[in-house]
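Take a look at the structure set out below.
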Amino acid sequence: MTKSPLIRVEGVSFGYQINQTTTLPVLNNVSLEVYPGEYLAIIGHNGSGKSTLAKHLNGILVPQTGDVWVDGMNTKERGSRRSIRQRVGMVFQHPDNQIVATIVEDDIAFGLENIGVPPEEMKQRIDDALQAVGMSAFRKRPPHHLSGGQKQRIAIAGIIAMKPDCLVLDEATSMLDSYGRKDILAVVDTLRKLGMAIVTVTHHMSEVTRADRVLVMEQGQIVMSGTPREVFIQQQRLEELHLDIPSASKLAVALHAQYPSFRETIVTNDELIGEVGRMHLQRTGTEVERS
Ligand code: ADP
């Protein structure tokens, strides 16, 4: 039996009101589903509407046409918004804009107070959230002394303390150095093991190739979707869209053109190395047999 979706985006169109007479159309009849526990990556050019779509997933923005449903609740219903934000948490690009308190634990407590978590439960939730992001030792520290990556981990802790079903990362690693990004990816791995759905808007291939599913956006529409393998094999189409292709995928396709038994549906460096090893064995084995 297939699981029912956690989030359903149905025929959503949206534009920003620029002034009294002008609207900038951004999303054009977008539909998608996010399933419990899945890791979905959204890629596309700057300005293609990724962030606008992400903000529809927990009701920060509401559609002008179409509907977004979170666990059966429509994001247009004002009365459901708090509950929706608790189910679907969002972390943004700039770490500094998301932290409100002067001590790490107070920052996490802030969100919990807002949703009325009793004080005795709060301590445990803060402990668990800080542990999940590997920041327990920083509980009493002022957040402004932390690195960008550490601040993002605190922002994530603030969200996961609310026990959401889905975490949306909107370019959450784009301001971080490679160490900060790696730490966030490790946190994402932990959250996936706990069964949380992850939606990431990103242009970092290392985040895309780990996803269960990739959506490609262009001019406010989803123009490609599938597993990373299914998407990254369509290299001509991705080049037309001026999008990055993982270097392992490019090499695999080039090698497949020369050696048809070389697997072309490769997305990670480890898979590529494995396939080169397999081919090497196959070829040297054949030569030994011949000699
Ligand atoms: P992406 O995340 O793919 O870069 P966005 O969803 O951020 O795309 O933006 C899509 C388009 O909407 C862009 O042209 C952007 O300039 C415009 N836009 C985004 N936010 C606003 C806003 N608050 N007001 C007006 N225009 C906006």
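In listed order, ligands and their atoms are each counted from 1.
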Checklist entry - If you round to the nearest 0.5 Å, how far is CG of Leu53 from CD1 of Ile222? => result 6.0 Å
Next on the checklist: Taking 4.0 Å as the limit for heavy-atom contacts, which would you say applies to Glu171 with ligand 1: side chain only, backbone only, both, or neither?
Outcome noted: neither
Item to check | Protein contact of atom 5 (P) of ligand 1 - nearest heavy atom, named by residue and atom, plus distance | outcome: Thr52 OG1, 3.7 Å
Next on the checklist: Quick check on atom 23 (N) of ligand 1 - does any protein heavy atom sit closer than 4.0 Å to it?
Outcome noted: yes
Checklist entry - More than 12 foreign heavy atoms under 6.0 Å from CZ of Phe110: is that the case here? => result no
Checklist entry - Starting from atom 8 (O) of ligand 1, which protein heavy atom do you reach first, and at what distance in Å? => result Gly49 N, 3.2 Å
Next on the checklist: List ligand 1 atoms under 4.0 Å from His45, heavy atoms only on the residue side.
Outcome noted: 3 (O)
Item to check | Heavy-atom gap Met217 to ligand 1 smaller than 4.0 Å | outcome: no
Checklist outcome for this item: If you scan protein heavy atoms around atom 27 (C) of ligand 1, the nearest is Tyr16 CD1, 3.3 Å
Checklist entry - Heavy-atom distance to atom 11 (C) of ligand 1: which of Val26, Asp170, Val201, Ile43 wins? => result Val26
Checklist entry - Considering only protein heavy atoms, which is closest to atom 15 (C) of ligand 1, and at what distance to one decimal place? => result Leu24 CD2, 4.6 Å
Checklist entry - Nearest protein heavy atom to atom 7 (O) of ligand 1, by residue and atom, and its distance? => result Ser51 CB, 3.5 Å
Checklist entry - Got the closest protein heavy atom to atom 1 (P) of ligand 1, with its distance? => result Gly47 N, 3.4 Å
Item to check | Atom pair CD (Gln86) and CD1 (Ile115), whose distance is rounded to the nearest 0.5 Å | outcome: 4.0 Å
Next on the checklist: Can you confirm whether some protein heavy atom lies under 4.0 Å from atom 19 (C) of ligand 1, or whether none does?
Outcome noted: yes
Next on the checklist: With the threshold set at under 4.0 angstrom, would you say Gly44 reaches ligand 1 through any of its heavy atoms?
Outcome noted: no
Item to check | Between Gln219 and His45: side-chain donor-acceptor atoms closer than 3.5 Å | outcome: no
Item to check | More than 12 heavy atoms of other groups within 6.0 Å of Asn97 CG | outcome: yes
Checklist entry - Which atoms of ligand 1 sit under 4.0 Å from any heavy atom of Asn46? => result 4 (O)
Checklist entry - Thinking salt bridges, do Arg181 and Asp177 make one under a 4.0 Å N-O criterion? => result no
Checklist entry - Are Arg8 and Asp67 within salt-bridge range, i.e. N to O under 4.0 Å? => result no
Checklist entry - Using 4.0 Å as the upper bound for N to carboxylate O, is an ion pair formed by Glu77 and Arg81? => result no
Checklist entry - In Å and rounded to the nearest 0.5 Å, what is the CZ to CG distance from Arg82 to Asn114? => result 6.5 Å
Checklist entry - atom 3 (O) of ligand 1: which protein heavy atom is closest, and how many Å away? => result Lys50 NZ, 2.8 Å
Checklist entry - Among His203, Gln93, Glu207, Gln152, which residue meets the side-chain hydrogen bond (donor to acceptor under 3.5 Å, both in side chains) test with Thr173? => result Glu207
